[in-house]
Amino acid sequence: MRRSRATLPWLLIAARAAAAVVLALALAAGAPTDRLVLVLLLVAFVSDYFDGAVARALGVVTPALRQADSVVDTIFYLVLAVVTWRLHRD
């Protein structure tokens, strides 16, 4: 049972990583829109809040989970900054 409970925070981190990939692909294709950025920012924000809250509530916090959370946060927000700059250079 403990193993299945530990999966949810990882899935939330994976959702944020997927949002970063989608944003980067949209940027590479030259097709990011304000709406896409807003939706993916909301996904990232909600998943970032709940991954830690869920992990603490379930008692499954580990150093690897914390590290993955930090790495994915950094990547997502760097991609977000580049996309925002590209969309609103002026």
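Predicted model, so just to flag it, every value in this text is computed and none were measured.
The CG atom of Asp69 sits 4.0 Å away from the CG atom of Asp51 when rounded to the nearest 0.5 Å. For the atom pair Tyr77 OH and Leu23 CG, the distance stands at 11.5 Å (nearest 0.5 Å). We find the CG-CG distance between Asp73 and Leu80 to be 11.5 Å, quoted to the nearest 0.5 Å. Here the CG atom belonging to Leu40 is positioned 4.5 Å from the CG atom belonging to Leu36, to the nearest 0.5 angstrom.
Remark: the backbone N or O of Ala81 is not paired with any side-chain donor or acceptor of Thr84 at under 3.5 angstrom.
The side-chain heavy atoms of Ile13 and Ser47, taken from C-beta on, include no pair separated by under 4.5 Å. The side-chain heavy atoms of Gln67 and Thr62, taken from C-beta on, include no pair separated by under 4.5 Å. Using a 4.5 Å heavy-atom threshold, the side chains of Arg16 and Val43 count as separate. Side-chain contact between Leu41 and Phe76 is present, with heavy atoms from C-beta onward closer than 4.5 Å.
Among all heavy-atom pairs drawn from Leu65 and Ala55, the shortest one is CD2-CB, 3.5 Å. In terms of heavy atoms, Pro32 sits closest to Ala26 at CD-O, 3.1 Å.
Note: the hydrophobic cluster containing Leu11 does not contain Val21 (ILVMFWY, side chain heavy atoms under 4.5 Å, direct or indirect links). When hydrophobic clusters are built by joining Ile, Leu, Val, Met, Phe, Trp and Tyr residues whose side-chain heavy atoms come closer than 4.5 Å, directly or via intermediates, Val22 is grouped together with Leu87. Hydrophobic clustering places Val46 together with Leu12 (ILVMFWY residues linked when any side-chain heavy atoms are closer than 4.5 Å, directly or through intermediates). Hydrophobic clustering keeps Trp10 apart from Leu8 (ILVMFWY residues linked when any side-chain heavy atoms are closer than 4.5 Å, directly or through intermediates).
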